[in-house]
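Owing to the predicted nature of the structure, the values given are computational and were not obtained by experimental measurement. Below, each value reflects all heavy atoms present in this structure, side chains not excepted, and no hydrogens, waters or symmetry copies.
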Amino acid sequence: HLEYPTLVFSIVKTRPDFSSIDGRLYIEVKLLKDRRYATRLVDALVADREKYTTAGASVLFLVYQTSSFIADSKEFADSIIRDDVFCKVIG
């Protein structure tokens with residue numbers, strides 16, 4: 001499903017970019033096209049991680065970088081990964 005369902009966390013609503021048919025896995029796709037926004041991206045991933053895990057959902061973050069802004073993609077992904085939270089850096 002595309003941008004379904006809407007999850008509510010406190011006063012914030014969020015929708016995953018994609019979800020599995022059974023609604024157990026949510027997929028968020030993030031684009032990093034400028035090194036200056038890397039910190040903001042991490043903040044967004046951590047905030048989204050909290051929203052999804054509180055809802056009892058599994059989430060996969062796909063981070064696409066247009067250049068090698070993230071020097072160590074494994075270290076970056078490992079800092080985001082938790083139980084039922086997955087991260088993959090592409091590019």
- Task: Give the C-alpha distance, both sets of side-chain angles, the deciding distance and a yes or no for side chain to side chain contact (heavy atoms under 4.5 Å, CB included) between V29 and Y64.
- Result: CA-CA 8 Å; V29 180; Y64 177 75; 5.6 Å; no

- From CA spacing to verdict: side chain to side chain contact (heavy atoms under 4.5 Å, CB included), L45, V63: CA-CA 10 Å; L45 292 174; V63 178; 4.1 Å; yes

Contacts under 3.5 angstrom, residues 51-59 side chains, donor-acceptor by atom type, not counting sequence neighbours:
{"from": "K51", "atom 1": "NZ", "to": "D48", "atom 2": "OD1", "distance (Å)": "3.4"}
{"from": "Y52", "atom 1": "OH", "to": "E28", "atom 2": "OE2", "distance (Å)": "2.5"}
{"from": "T53", "atom 1": "OG1", "to": "R49", "atom 2": "O", "distance (Å)": "2.9"}
{"from": "T53", "atom 1": "OG1", "to": "E50", "atom 2": "O", "distance (Å)": "3.4"}
{"from": "T54", "atom 1": "OG1", "to": "E50", "atom 2": "O", "distance (Å)": "2.7"}
{"from": "T54", "atom 1": "OG1", "to": "E50", "atom 2": "OE2", "distance (Å)": "3.4"}

Distance-only criterion, 3.5 Å: show the donor-acceptor pairs between side-chain atoms of residues 78-89 and protein atoms not counting sequence neighbours.
{"from": "D78", "atom 1": "OD2", "to": "K74", "atom 2": "NZ", "distance (Å)": "2.7"}
{"from": "S79", "atom 1": "OG", "to": "F76", "atom 2": "O", "distance (Å)": "2.6"}
{"from": "R82", "atom 1": "NH1", "to": "S79", "atom 2": "O", "distance (Å)": "3.3"}

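To the nearest 0.5 Å, atoms CD1 (I90) and CG (L31) are separated by 11.0 Å. The structure places CG of L62 at 9.0 Å from CG of D17, a figure rounded to the nearest 0.5 Å. Within the model, atoms CZ of R15 and CG of L7 stand 10.5 Å from one another, a figure rounded to the nearest 0.5 Å. If you take CZ on R36 and CG on L41, they are separated by 14.5 Å, rounding to the nearest 0.5 Å.
When all heavy atoms are compared, the tightest approach of P5 to S19 is CD-OG, 4.2 Å. The two residues S20 and D22 come nearest to each other via the heavy atoms OG-OD1, 2.6 Å.
If you chain together hydrophobic residues whose side chains sit under 4.5 Å apart, I70 and V46 fall into the same group. No chain of hydrophobic side-chain contacts below 4.5 Å, direct or via other Ile, Leu, Val, Met, Phe, Trp or Tyr residues, connects Y26 to L60.
Heavy atoms from other residues, nucleotides or ligands lying under 6.0 Å from CD1 of I21 number 12 at most.
Side-chain atoms of Q65 come within 3.5 Å of backbone atoms of G91 as a donor-acceptor pair (strictly under, hydrogens ignored).
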